[in-house]
Structures are given as structure tokens and as C-alpha cells.
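Worksheet: one structure, shown below.
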Amino acid sequence: MDQQTNGPESAPASEPVSRRGVLRAATVSAAALGTAGLLAGPAAAAPAAQSHGRRRVPVDRISIQLYTLRDQLAADLPGTLDALRRIGYRRVEHAGFVGRTAAQFRAALDAAGLRSTSGHTGIPQPFDAATWERALADANVVGCKKIVHPYFGRDAEGRPIRDPAVYRALARDLNQAGRLAERAGLDFGYHNHQLEFVPLTDGSTGFDILTRQTDPRLVHFELDLYWTWRGAHDPVDVIRANRGRIRQVHVKDLDVEGGFADLGDGVIDFGRIFAHEREAGIEEYIVERDDAGTPPRAPADALDTARVGFDYLASLRY
């Protein structure tokens, strides 16, 4: 998820996916962000066509980030959850409790026949153990198995963070958060955007620091495939460099102009990425589209995105 939204301009599903096309989308979006140097270093893109094989995404591991449906949930929580269950979802990832307590939100999930196996909850900054332990208690009430820090990367003026020391401090906080999560019986993860791939003043990136200075036993990564491409990095390369640590993926498509698209309407070859699922350690495939229900789209359109996403993942072969 992110505060930024981009109008969708979807490419036909039959259009071939190429290195040039994906990196062009990333380049356009980087220019729009005004992030100089974001594209430093090469990134390998997808092959010329979607792959086909015998492997498939296990249906019981398909989830959806409820940020996708935030406005629809606010308007009709029980009806929206029931609609997700009818589409085929059995699990979701929450992004807050839609104005309810953790117990009330859990009751709504139970009534719809859904489980929130994961949730987005930011660690307190500056880090405060007591505050974080209350968040972990809520996660357990909801029934989560994983809790994920959702966003980082901008300074107080809204500019991309360039100071390596800031990321080193975050890594220390993530380790503390992961240690407390482990004690609470939860797996702790970190969700990326493109900002973690901005070159820092020492030539490294925030993602480099976070992967190297967090404890693999305490912190895993929820790799957002869209934002990784927007950071001009190939998710396959990220997986190869972080074997066993990519336990969740946000499955979100990228149109040719760098905006959002429903799954299958953009340029990302997800089958090529999922072919490395065992190497990555993927346990959940989480549908998301940041602008699914925001103008010019209507809140109810987010349910169409949810349906397309579930059907795409359930039918994908690689």
C-alpha cells in the first residue's frame, strides 16, 4: 500500500512482456516521482512471454490486502467481507480494523468465514515496546499468524530518505519488533515500496541495509512485486539474494505507464517470479491494488479487482 495513486492505463493481456517494457514503466514512474538516480544499476526483466507449466498457486494460500477495499469496507464491512468469501477468498490481510476493536473485527471475519492470517501494523517510531506489545495482542485477537510493518522511506519533508544511518536505526527497531513478535507467537515481516531502492549517500540502498542488518530468524520480507519493479529491481534477483526470506508477496500489476492495473492486464510476468517460490519461501500470495476503489474508479470497483485477482492467481500455470 502507499499514499500515492496512479490512474490505471492497462495494457492488453496478450501484449508480450519484455525487459524494455517493464523497465520503461519503472523509468516513467521514477521520473514522475522526481527521484534522481532511482534507476541506478541494471535490473533483469521478464522474458518475452508468460510462462506455462504444471505448477500453480495453492488456492488456500491466496489472500487479499484489505487496503484494496478500504472505502467499500468502510461503507459495508459485513457485506464486503461476505462478497470476498463468495469470490473464493478464505484468508485476508488486514490494514487496520475499519473503526472496530480487534475483537469486533474478528467477529465480522468469523461471520463471513474468513481468516485474517496477516496484518499491516506499523512499529512505533521511536520504538516503544509497550505500544508494540499492545499491537501484537490485537493481532492475536484477530487471529493473525503474521504481522507486517507496512511503510517507510520518506523524511519529514516527504523526500526519499538518503541517509544510511536512518535505515540502520530502522533495522535495529525491526529486530526488536521481531523479537517481541516471536515471543507473542507471531512472524514479523517488512513490506517494501520503491523508496527502499533509492540510492543512499554511501551508494547502498535501504533495502540492502534492511536485508543485511535484520536477523533472518526475526524479520522476513513481504515483497511488493509492483513497487519492486517501480524501484527498477527484478523481484527474481531480490529472491535470489534473499533465499528463504520472502515469505509473502503482494501481487500487484504494473501498466505500461507505471500505474496500477488489475492482475493480468499489466506487464508483470508473475509466473516467472512464482517459479522461484520455493527458493523465496513464499507462504502467501496477496492480491492488492492501491487505487482499486478511488476516483475515477468507484469503491465498489474494488470488488471487481478482487475477483479478477483471485481468478487470475487460481488459474495461473507456471
Side-chain angles (χ1 to χ4, degrees), residues 1 8 10-15 17 22 46-47 49-69 72 80-81 83-95 112-120 145-146 148 189 191-192 221-229 234-236 238-239 246-255 260-293 301-318:
M1 73 179 70
S10 302
S14 59
E15 185 173 305
V17 178
V22 176
Q50 292 280 349
S51 56
H52 299 278
R54 296 182 180 180
R55 292 164 67 179
R56 58 191 298 176
V57 174
V59 173
D60 64 352
R61 294 189 183 182
I62 299 174
S63 182
I64 185 166
Q65 167 51 249
L66 293 183
Y67 182 78
T68 303
L69 302 116
Q72 188 70 7
T80 304
L81 294 178
L84 291 175
R85 180 64 174 77
R86 291 198 308 271
I87 287 170
Y89 290 98
R90 300 296 182 269
R91 60 172 73 190
V92 300
E93 180 177 59
H94 77 73
L114 294 170
R115 296 178 297 137
S116 184
T117 54
S118 180
H120 274 195
K145 302 300 181 185
K146 294 178 172 62
V148 179
H191 171 270
N192 71 284
F221 288 86
E222 180 178 72
L223 195 68
D224 189 303
L225 304 179
Y226 170 94
W227 289 115
T228 301
W229 276 119
D234 183 346
V236 172
V238 175
I239 287 170
I246 313 298
R247 297 183 196 161
Q248 299 168 280
V249 287
H250 271 193
V251 191
K252 183 189 309 180
D253 218 340
L254 172 77
D255 74 19
F260 302 110
D262 282 349
L263 296 190
D265 288 342
V267 299
I268 297 178
D269 184 345
F270 294 107
R272 170 181 171 272
I273 299 168
F274 297 163
H276 298 270
E277 61 196 354
R278 294 170 189 166
E279 185 179 7
I282 299 173
E283 298 170 2
E284 286 192 308
Y285 303 77
I286 304 169
V287 174
E288 188 184 32
R289 177 170 170 167
D290 296 23
D291 68 341
D301 291 336
L303 283 169
D304 292 332
T305 289
R307 184 176 300 104
V308 169
F310 184 89
D311 291 345
Y312 177 86
L313 287 181
S315 63
L316 182 64
R317 303 293 181 270
Y318 50 94

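Because only heavy atoms are used, hydrogens play no part in the values below, and waters and symmetry mates are left out as well, while side chains stay in.
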- request: For Glu283, enumerate each residue passing the side-chain hydrogen bond (donor to acceptor under 3.5 Å, both in side chains) test, keeping only those at least two apart in sequence or located in another chain.
  value: Lys146
- request: Kindly compute the distance separating CZ (Phe274) from CD1 (Ile239), expressed to the nearest 0.5 Å.
  value: 9.0 Å
task: For Arg56, enumerate each residue passing the side-chain hydrogen bond (donor to acceptor under 3.5 Å, both in side chains) test, keeping only those at least two apart in sequence or located in another chain.
output: none
- request: Any chance you could lay out the side chain to side chain contact (heavy atoms under 4.5 Å, CB included) test for Thr68 and Lys252, step after step, and finish with the verdict?
  value: CA-CA 10 Å; Thr68 303; Lys252 183 189 309 180; over 6 Å; no
query: If only atom types and distance count, is the side chain of Asp255 paired as donor or acceptor with the main-chain N or O of Gly266 below 3.5 Å?
result: no
- prompt: Taking the six-membered ring for Trp, are His191 and His250 ring centroids under 6.0 Å apart?
  reply: yes
field: Atom pair OH (Tyr285) and CG (Leu225), whose distance is rounded to the nearest 0.5 Å
entry: 10.5 Å
task: Please report the closest heavy-atom contact between His94 and Ser116, naming both atoms and the distance.
output: CD2-OG, 3.4 Å
- request: Could you check if a side-chain atom of Leu69 sits within less than 4.5 angstrom of a side-chain atom of Ile64, using non-hydrogen atoms only?
  value: yes
field: Heavy-atom closest contact (Ile273 atom, Val236 atom, distance)
entry: CA-CG2, 4.0 Å
statement: Rounding to 0.5 Å, atoms CG (Asp253) and CG (Asp262) come to a distance of 8.5 Å
Nearest heavy atoms of Val308 and Leu263, plus distance in Å: CG1-O, 3.6 Å
message: If I take atom CD from residue Gln248 and atom CD from residue Gln65, how far apart are they, to the nearest 0.5 angstrom?
response: 10.0 Å
- line: Separation between CG (Leu84) and OH (Tyr89), nearest 0.5 Å, reads 7.0 Å
task: Verify, without hydrogens or angle tests, whether Thr80 (side chain) and Gln72 (backbone) share a donor-acceptor contact under 3.5 angstrom.
output: yes
message: Tell me every residue that passes side-chain hydrogen bond (donor to acceptor under 3.5 Å, both in side chains) with Arg91, counting only those two or more places apart in sequence or in another chain.
response: Glu284
- line: d(Asp234 CG, Thr228 OG1) to nearest 0.5 Å is 9.5 Å
- line: Residues Glu93 and Val148: closest non-hydrogen pair is OE2-CG2, 4.1 Å
Heavy-atom pair with the smallest gap, counting every atom of Trp229 and Arg272: CZ2-NH1, 4.4 Å
- request: Please name the pair of heavy atoms, one in Leu313 and one in Val57, separated by the smallest distance, quoted to 0.1 Å.
  value: O-CB, 3.7 Å
field: Salt-bridge criterion met for Asp60 and Arg90 (N-O under 4.0 Å)
entry: no
